[in-house]
**Q** 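First the structure, then my questions, so here it is.
Letters A, B, ... mirror the listed sequences (proteins, then strands); counts begin at 1. As the structure is a prediction and not an experimental result, all values here were calculated from the model.
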Amino acid sequence: MSDNNSTPVTATDFIRNIIREDLASGKHQQIVTRFPPEPNGHLHIGHAKSIHLNFGVAKEFSGKCFMRFDDTNPVKEDEQYVEGILKDVRWLGYDWGKSQTHASDYFEQLYEFAEELIQKGKAYVESLNAEEIREFRGSLTEAGKNSPYRERSVEENLALFRKMREGEYEDGSLVLRAKIDMSSPNINLRDPVLYRIRKVSHQRTADKWCIYPLYDFTHGLSDSLEGVTHSLCTLEFEDHRPLYNWILAEVSAPCLPRQIEFSRLNLRYSVLSKRRLIQLVEEGHVEGWDDPRMLTLSGLRRRGYPASAVRLFCERIGISKSANNIEMNVLEDCAREELDKTAPRAMAVLKPLKVVITNYPENQTEEFEPARHPKNPEMGTRKVPFSREIYIDQDDFREDPPPKYFRLSPGKEVRLRYAYVIRCDEVIYENDKVVELRCTYDKATRSGAKAEGRKVKGIIHWVSTQHAVTTEIRLYDRLFSAPNPGRNDPEGNFINDLNPESVEIISDCKAEPELSTANPEDVFQFERVGYFCVDAKDSRPDALVFNRTVTLRDTWAKLEQEHSGQN
RNA sequence: UGGGGCGUAGCCAAGUGGUAAGGCAUCGGGUUUUGAUCCCGUGAUUCGCAGGUUCGAUCCCUGCCGCCCCAGCCA
């Protein structure tokens, strides 16, 4: 968050409870956390949960949070992701100060720890190949077997390991393994691999190394080196905790952080695994990582979600260890809540229907000056021109109105927001299609004037045709049409569950002139319709493009749907 | 059928041996020149199931059921 006020500690979850106890008992004077992404993809809303937890907790308890890149696998990682990740975390509102680190910063120390393990007879160089290692590992129900190389002498192991570092062996020919217990019921303890040979250049250390440590060896030691007190990660690492603790106990690690696991985020009608996100991008189902339908941070941003809405979302879903499947409307509602407070209002007609006000003078124009925000006068006012010809939305007219339809229909009246009450006198057709409405206005009903006895229930938005700005609007909806994409496919193929209507582009929308000066990422509430932001990539001053962030709540649509559902 | 977890309202989620917070959704009602916002009200005789301990159990014990994770030289 950009403000410097300390956030009150209001959230209560099992992790914060542990931290409070550790602080109260004096176990820790200051808490230290870390957010450790691997630079091999972009951040999504699931990462936001972790960022919000790690940075949030550090801030709440006046601690510190490291921004650490877990870059131990150069074949998968790329420096280009680092920049994107940093940008996303910053956008979300977090600041790591000078505490940006890389696991690769510790390669030399990690190597020393590995030698220490060897010296203690707690690690050995393995000559079995990958397939043999797998076979020797046993299965979920069968114990593994000791490798024939398990009892190599310390001297031999040391010599071999040093030569591994020197580059004397080929990729995959040798690995360093921890010597723990091949019959452990926890497979992670069956002599896990600690180092492998990869003669590839690392994005940061270049060709300095040809052996790289694996996650289990690296993570706890990096935590320890940074003085992390609480190492927060997701549930799938629970089984790794004994190994995490084993490594820290066996070497002279500076401190012993406590790993605590929480459940990862699942959101209905979406996929969040990195693998699936990559597939969506690579197979072209979306435009890219920042496609507004993607729940990546860059996608949400481009969609128009303010960072505060994402933070609010993280706040609402909480932290626990139980499996969860959050309803999409929770996310959407967070956007509404934040945007309602901050978005200036404007009128825009998505699907224009021409209306001629027959009793309004031909060449007359007048201006209304409504507030930009109904509850926030500091946001000022805007000028909205009115004239004889206007556009209204096709949705706001029905030839044959259903019950409780408050909008325009033949012979009926509505109020034009901020302007006059009009009555529909005539409907003009062209090939059986309604193309124009002829209406008359009542001058006495001018906005602000007293017009007693005129109770017009319906209020619709409009735009003066001669003053309108033509824009493109992209109506986005959820990317998937199934609550759990891939769930009902035998192969788990989630592509079939893509929502074919996740985007509708309409190119001739009409907006009030005020919008002509809008800048990329500006968000507006198009009154009665929804929240829209200026697309950061495709919009140009003379050819505006808006993305729909989220619709307004629409009780009428709900009502109508219920009625039609009954028929 | 090895190991590790989880199971409190539609969706999240606190909680404790003493009689079930809160949020979102829902459904009512009020305000409103956005069918928006806002405001008020609304749901668990019950905490996966079955036993047991106890004056008393969601919380302790036993058994059962369901779901998730683990056999990368990925993280």
**Q** Using centres under 5.5 Å plus planes under 30 degrees as the test, is A:Y215 stacked with B:rA75?
**A**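 One would not call A:Y215 stacked on the B:rA75 base.
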**Q** Looking at the rings of A:F237 and A:Y244, which for Trp means the six-membered one, are their centres under 6.0 Å apart?
**A**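 No.
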**Q** Mind checking if A:K375 touches a base, just sugar-phosphate, or nothing, with heavy atoms under 4.0 Å?
**A** base
**Q** Of the nucleotides B:rG35, B:rA71, B:rC27, which one has an atom closest to the side chain of A:K558?
**A** B:rC27
**Q** Return the nucleotide paired to B:rG43: Watson-Crick means purine N1 to pyrimidine N3 with N6-O4 or O6-N4, wobble means G-U with N1-O2 and O6-N3, both under 3.5 Å.
**A** none
**Q** Any N or O donor-acceptor pair linking the side chain of A:R407 to the base of B:rG35 at under 3.5 Å?
**A**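 Such a pair exists between side chain and base.
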**Q** Counting any heavy atom closer than 4.0 Å, what does A:V193 reach on the DNA or RNA strands: base, sugar-phosphate only, or nothing?
**A** sugar-phosphate
**Q** What nucleotide among B:rU33, B:rA75, B:rA36 has an atom nearest to a side-chain atom of A:I459?
**A** B:rU33
**Q** Is there a donor on the side chain of A:N186 or the base of B:rG4 sitting less than 3.5 Å from an acceptor on the other?
**A** no
**Q** Counting any heavy atom closer than 4.0 Å, what does A:F262 reach on the DNA or RNA strands: base, sugar-phosphate only, or nothing?
**A** nothing
**Q** Has A:K351 got more than 12 heavy atoms of other residues, nucleotides or ligands less than 6.0 Å from its NZ?
**A**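 Open: at most 12 neighbouring heavy atoms sit under 6.0 Å from NZ of A:K351.
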**Q** Give a yes/no on whether any side-chain N or O of A:R316 is located under 4.0 angstrom from OP1 or OP2 of B:rA25.
**A** no
**Q** Counting the atoms with a prime plus P, OP1 and OP2 as sugar-phosphate, which does A:R190 contact under 4.0 Å by heavy atoms, base, sugar-phosphate, or nothing?
**A**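 Result for A:R190 = nothing.
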**Q** Just name whichever nucleotide pairs with B:rA14, Watson-Crick or G-U, keeping both distances under 3.5 Å, else none.
**A**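 By the stated definition (distances under 3.5 Å), nothing pairs with B:rA14.
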**Q** Any side-chain N or O of A:S320 below 4.0 angstrom from OP1/OP2 of B:rA13?
**A**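 Result: yes.
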**Q** State yes or no: are the ring centers of A:F526 and A:F532 separated by less than 6.0 Å?
**A**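 Yes, ring centres under 6.0 Å apart.
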**Q** Do the side chain of A:S447 and the base of B:rU33 come within less than 3.5 angstrom through a donor-acceptor pair of N or O atoms?
**A**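 Per atom types, the contact qualifies.
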**Q** If we take the C1' atom in both B:rU54 and B:rC39, what is their distance in whole Å?
**A**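 About 47 Å, rounded to a whole number of Å.
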**Q** Now, which nucleotide makes the Watson-Crick or G-U wobble pair with B:rG7, with each of the two distances under 3.5 Å?
**A**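 Its partner is B:rC65 (Watson-Crick or G-U wobble, both distances under 3.5 Å).
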**Q** Please state whether the base of B:rG5 and the side chain of A:E261 form at least one donor-acceptor pair under 3.5 Å?
**A** no
**Q** I'd like to know if the side chain of A:H240 pairs up with that of A:D216 as donor and acceptor (distance under 3.5 Å, no hydrogens or angles considered).
**A**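 Short answer, yes.
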**Q** Roughly how many Å apart are B:rG63 and B:rU53, using the C1' atom of each and rounding to a whole number?
**A**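 Going atom to atom, C1' in each nucleotide, I get 15 Å.
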**Q** Work out how far the C1' atom of B:rU1 is from that of B:rA14, and round it to whole angstrom.
**A** 37 Å
**Q** Classify the nucleic acid contact of A:H219 as base, sugar-phosphate or nothing, counting any heavy atom under 4.0 Å across all strands shown.
**A**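 Touches nothing.
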**Q** Taking only side-chain N and O atoms of A:R198, does any of them lie within less than 4.0 angstrom of OP1 or OP2 on B:rC74?
**A** yes
**Q** Can you tell which of B:rG4, B:rG5, B:rG35 lies closest to the side chain of A:L235?
**A** B:rG5
**Q** For A:L312, answer base if it contacts any base atom (sugar-phosphate contacts may also be present), sugar-phosphate if it contacts only those atoms, and nothing otherwise; contact means non-hydrogen atoms under 4.0 Å.
**A**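 The answer is nothing, as A:L312 stays clear of every strand by at least 4.0 Å.
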**Q** Taking only the P atom of each, what is the distance from B:rG23 to B:rA13 in whole angstrom?
**A** 16 Å
**Q** Considering just the side-chain nitrogens and oxygens of A:R196, establish if one lies under 4.0 Å of OP1 or OP2 belonging to B:rC74.
**A** yes
**Q** Between the side chain of A:S263 and the main-chain N/O of A:A323, is any donor-acceptor distance below 3.5 Å?
**A** no
**Q** Should B:rC60 form a Watson-Crick or G-U wobble pair with both distances under 3.5 Å, which nucleotide is its partner?
**A**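 Per the H-bond distance test, B:rG52.
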**Q** Taking only the side-chain heavy atoms of A:T141 (C-beta and beyond), determine which of B:rU34, B:rU1, B:rC24 contains the nearest atom.
**A**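 For the A:T141 side chain, the nearest candidate turns out to be B:rU1.
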**Q** Of all the choices, B:rA75, B:rC74, B:rU34, which nucleotide is nearest to the side chain of A:K76 once you look at every atom?
**A** B:rC74
**Q** Please pick, from B:rC11, B:rG15, B:rC73, the nucleotide with the shortest atom-to-atom distance to any side-chain atom of A:N17.
**A** B:rG15
**Q** For the residue pair A:D88 / A:H42, report whether a side-chain donor-acceptor contact shorter than 3.5 Å exists.
**A** no
**Q** Is A:K321 close enough to B:rG7 that one of its side-chain N or O atoms is under 4.0 Å from OP1 or OP2 there?
**A**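 Result: no.
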**Q** For A:E236 and A:H373, find the nucleotide of RNA chain B closest to each by heavy atoms; which residue's nucleotide sits nearer the 5' end?
**A**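 First, find each residue's nearest nucleotide; the 5'-ward one identifies A:H373.
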**Q** Hey, could you give me the CZ/SG distance between A:F397 and A:C424, rounded to the nearest 0.5 Å?
**A** 4.5 Å
**Q** Have A:S127 and A:R152 got a donor and an acceptor in their side chains that come within less than 3.5 Å?
**A** yes
**Q** When the C1' atoms of B:rA57 and B:rG15 are compared, how many Å lie between them, rounded to an integer?
**A** 14 Å
**Q** Between B:rA75 and A:T72, is there an OP1 or OP2 to side-chain N/O distance shorter than 4.0 Å?
**A** yes
**Q** What contact category does A:I319 fall into here, base, sugar-phosphate, or nothing, at under 4.0 angstrom with non-hydrogen atoms?
**A** sugar-phosphate
**Q** Taking atom P in both B:rA21 and B:rG5, what distance in whole Å separates the two?
**A**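 Here B:rA21 and B:rG5 have their P atoms 30 Å from each other.
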**Q** Taking the side chain of A:Q525 as its heavy atoms from C-beta onward, which of B:rU34, B:rA71, B:rG15 lies nearest to it?
**A** B:rU34
**Q** Is the distance from OP1 or OP2 of B:rC68 to the nearest side-chain N or O of A:R264 less than 4.0 Å?
**A**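 No, because none of the side-chain N or O atoms of A:R264 sits under 4.0 Å from OP1 or OP2 of B:rC68.
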**Q** Which is true for A:D171 with a 4.0 Å heavy-atom rule: it touches a base, it touches only sugar-phosphate, or it touches nothing?
**A** nothing
**Q** Would B:rG72 be called syn or anti here, given the cut-off of 90° from 0?
**A** syn
**Q** Considering only B:rA75, B:rG2, B:rU26, which nucleotide approaches the side chain of A:L140 most closely?
**A** B:rG2
**Q** At less than 4.0 Å, is any side-chain N or O atom of A:R241 found next to OP1 or OP2 of B:rG4? Yes or no.
**A**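 Result: no.
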**Q** Which of the following nucleotides, B:rG35, B:rG5, B:rU34, is nearest to the side chain of A:E238?
**A** B:rG5
**Q** In terms of relative ring orientation, are A:F480 and A:F494 parallel, tilted or perpendicular, with 30° and 60° separating the classes?
**A** tilted
**Q** When rounded to the nearest Å, what value does the distance between C1' atoms of B:rU45 and B:rU33 take?
**A** 48 Å
**Q** Closest-nucleotide mapping onto RNA chain B: is A:N40 or A:A419 further toward the 5' terminus? I mean the 5' end.
**A**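 Nearer the 5' end of the strand: A:A419.
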**Q** Below 4.0 angstrom from OP1 or OP2 of B:rC68, is there any side-chain N or O of A:S322?
**A** no
**Q** Tell me which nucleotide among B:rC24, B:rG35, B:rU34 gets nearest to the side chain of A:L552.
**A**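 Selected nucleotide: B:rU34.
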**Q** Determine the Euclidean distance between corresponding P atoms of B:rC47 and B:rC40; express it in Å to zero decimal places.
**A**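 Nearest-Å result for B:rC40 against B:rC47 at atom P: 31 Å.
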**Q** What is the nucleic acid contact for A:E38, judged by heavy atoms within less than 4.0 Å: base, sugar-phosphate only, or nothing?
**A**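 Result for A:E38 = sugar-phosphate.
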**Q** Answer with base, sugar-phosphate or nothing: what part of the nucleic acid does A:S139 contact at a heavy-atom distance below 4.0 Å?
**A**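 Base, at least one base atom sits under 4.0 Å.
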**Q** Is a donor from one side chain sitting under 3.5 angstrom from an acceptor on the other, for A:E170 and A:S173?
**A**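 No, no side-chain donor-acceptor pair sits under 3.5 Å.
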